[in-house]
Amino acid sequence: MKITNLQASLAAAAVLVATWLATPVSAQTQTQQPAAQAPIAAPAPAAPVLAAPTAPSVTAAPTAAAPAAPKAEAVSMAPSMKELSPWVMFMSADVIVKAVMIGLAFASLMTWTVLIAKSIELSVASGKLRSALKKIAEARSLAEAQMAFGAKQGILPSFLAAALREARMSAGLSSDAGIKERAASSFQEIVRAEARRIRIGMGVLATIGSTSPFVGLFGTVWGIMNSFIGISKSQTTNLAVVAPGIAEALLATAIGLVAAIPAVIIYNHFSRVTKSYLELVSRASGAAARLLSRDLDRSHGSVHSRAAE
């Protein structure tokens, strides 16, 4: 009986212990349930982390396509940029810019025409004058020198004719100084006329050389103004759109410089050549004056000799 009671007591104690032990375990499982669920809930915030790499992969397509678009545009624009030759730029320029370019091209043509014409003229004139000076180097009188030329025309025959005319018109006058002075005045008029004649065309060179850069600059300013107007209308500052108009405008300045620089160089060249030619003219004037002086001295010597007889 005692054994039975003892077993019942032990069984009750075991149930109580089991109940007491069971209660903390259930509480522990309840308190650890959120902790256990934390690793399960962790993928929820990890979803954006996993989505972050996928989002750039989606947006990477436009990014990768972005360089391709300008590249394709550059390829499409490359042929048109290569076609910007001077003739194409001239044909696509404004009417006023075209007029400026045509005027400058005509001025450049005049420059080279003057170069060829004046070179031939000065070369021929200098050669003739040097040959004439050699012919009268041994002449003793105006009549002898004039006979050497005959009916030929030129600057030196003009000096001889003026000296003979003055000597004939002053016949019977006793003052030789007046005759020489009047003859020298006639020679100066001939020299000035020859200087004006030989400088014909040099004024054109001076005008072209001094005004062509400004005319070209006017065409450039007008063309750039039209380019800015086109930019405002197209609402773009893309260089492929702006560059052709600016290139057309700058072409006017380039043509202006092409017309002006040779004109200035040629003008300076002809200034030196003309100066050398005018020195030859002065030599011819001096030769005619010396022949006149000899004739006057010879005439007075003959008069004195007759008076002595």
Side-chain angles (χ1 to χ4, degrees), residues 110 113-207 266-309:
M110 289 183 62
T113 302
V114 171
L115 170 64
I116 296 172
K118 295 300 293 183
S119 297
I120 296 173
E121 180 184 5
L122 285 168
S123 177
V124 172
S126 298
K128 286 183 177 180
L129 190 52
R130 287 191 179 93
S131 177
L133 287 171
K134 289 180 181 179
K135 282 185 179 180
I136 66 168
E138 302 298 330
R140 299 180 59 197
S141 63
L142 289 172
E144 184 179 347
Q146 195 172 30
M147 288 178 61
F149 290 111
K152 290 182 180 180
Q153 300 294 326
I155 185 68
L156 187 52
S158 299
F159 287 132
L160 298 176
L164 286 171
R165 183 173 60 252
E166 186 59 36
R168 185 176 64 252
M169 295 178 66
S170 301
L173 299 177
S174 59
S175 176
D176 294 342
I179 297 175
K180 294 178 181 179
E181 183 180 352
R182 288 187 292 272
S185 177
S186 299
F187 293 164
Q188 289 176 3
E189 291 179 359
I190 295 172
V191 170
R192 286 194 294 268
E194 183 66 14
R196 287 193 300 268
R197 186 189 70 81
I198 206 65
R199 286 194 177 103
I200 294 174
M202 294 185 65
V204 175
L205 294 176
T207 302
I266 294 169
Y267 177 82
N268 293 331
H269 168 70
F270 281 136
S271 295
R272 294 188 297 269
V273 176
T274 302
K275 185 178 179 180
S276 300
Y277 174 73
L278 291 178
E279 289 176 357
L280 289 176
V281 173
S282 298
R283 287 177 54 190
S285 174
R290 287 191 295 272
L291 290 174
L292 177 61
S293 179
R294 290 195 191 104
D295 286 349
L296 292 175
D297 292 343
R298 191 177 294 114
S299 64
H300 284 292
S302 62
V303 168
H304 290 308
S305 62
R306 288 176 184 175
E309 291 177 357

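One finds the OG atom of Ser276 at 12.5 Å from the CZ atom of Phe270 (value rounded to the nearest 0.5 Å). In this structure, Leu142 CG and Leu292 CG are separated by 5.5 Å, a value rounded to the nearest 0.5 Å. Here OG of Ser141 is found 9.0 Å from CE of Met147. Values are rounded to the nearest 0.5 Å. In this structure, NZ in Lys118 is found 6.0 Å from OG1 in Thr274, a value given to the nearest 0.5 Å. Atom NE2 of His269 and atom CE of Met202 lie 9.5 Å apart (nearest 0.5 Å).
With a 4.5 Å cut-off on side-chain heavy atoms, Ser126 and Arg130 count as touching. Residues Ile136 and Arg290 are not in side-chain contact: their nearest non-hydrogen atoms beyond the backbone lie 4.5 Å or more apart. In this structure the side chain of Leu115 reaches within 4.5 angstrom of the side chain of Ser119, judged on heavy atoms. With contacts defined as side-chain heavy-atom distances shorter than 4.5 Å, the pair Ile190/Ser285 does not qualify. Ile179 has its side chain within reach of Leu296: a pair of non-hydrogen atoms, C-beta onward, lies under 4.5 Å apart.
Ser271 places a side-chain N or O within 3.5 Å of a backbone atom of Tyr267 that can act as its donor or acceptor partner. Remark: the backbone N or O of Leu133 is not paired with any side-chain donor or acceptor of Arg283 at under 3.5 angstrom. Of the possible donor and acceptor atoms, none in the side chain of Ser293 sits under 3.5 Å from a partner among the backbone N and O of Ala289. Checked by atom type and distance alone, the side chain of Ser185 never pairs as donor or acceptor with a backbone atom of Glu181 at under 3.5 Å.
The two residues Leu160 and Ala145 have their closest heavy-atom pair at CD1-CB, 3.8 Å. Residues Leu164 and Ala143 share a closest heavy-atom pair of CD2-N, 4.4 Å. Taking both residues in full, the closest heavy atoms of Ile200 and Arg196 are given as CG1-O, 3.3 Å, listed atom of the first, atom of the second, then distance.
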Given Arg298 and Asp295, is the salt bridge (charged side-chain N to carboxylate O under 4.0 Å, His left out) satisfied, shown in steps?
CA-CA 5 Å; Arg298 191 177 294 114; Asp295 286 349; 2.9 Å; yes
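Under the ring-ring contact (aromatic ring centres under 6.0 Å, His included) criterion, the residue pairs touching residues 134-163 are Phe159-Phe187, with sequence neighbours excluded.
Screening Leu129, Ile155, Leu156 for a side-chain contact (heavy atoms from CB on, under 4.5 Å) involving Leu280 leaves a single residue, Leu129.
Under the salt bridge (charged side-chain N to carboxylate O under 4.0 Å, His left out) criterion, Arg197 pairs with Glu121, Glu194, not counting sequence neighbours.
In the displayed structure, Arg140 atom CZ is contacted under 6.0 Å by at most 12 heavy atoms of other residues, nucleotides or ligands.
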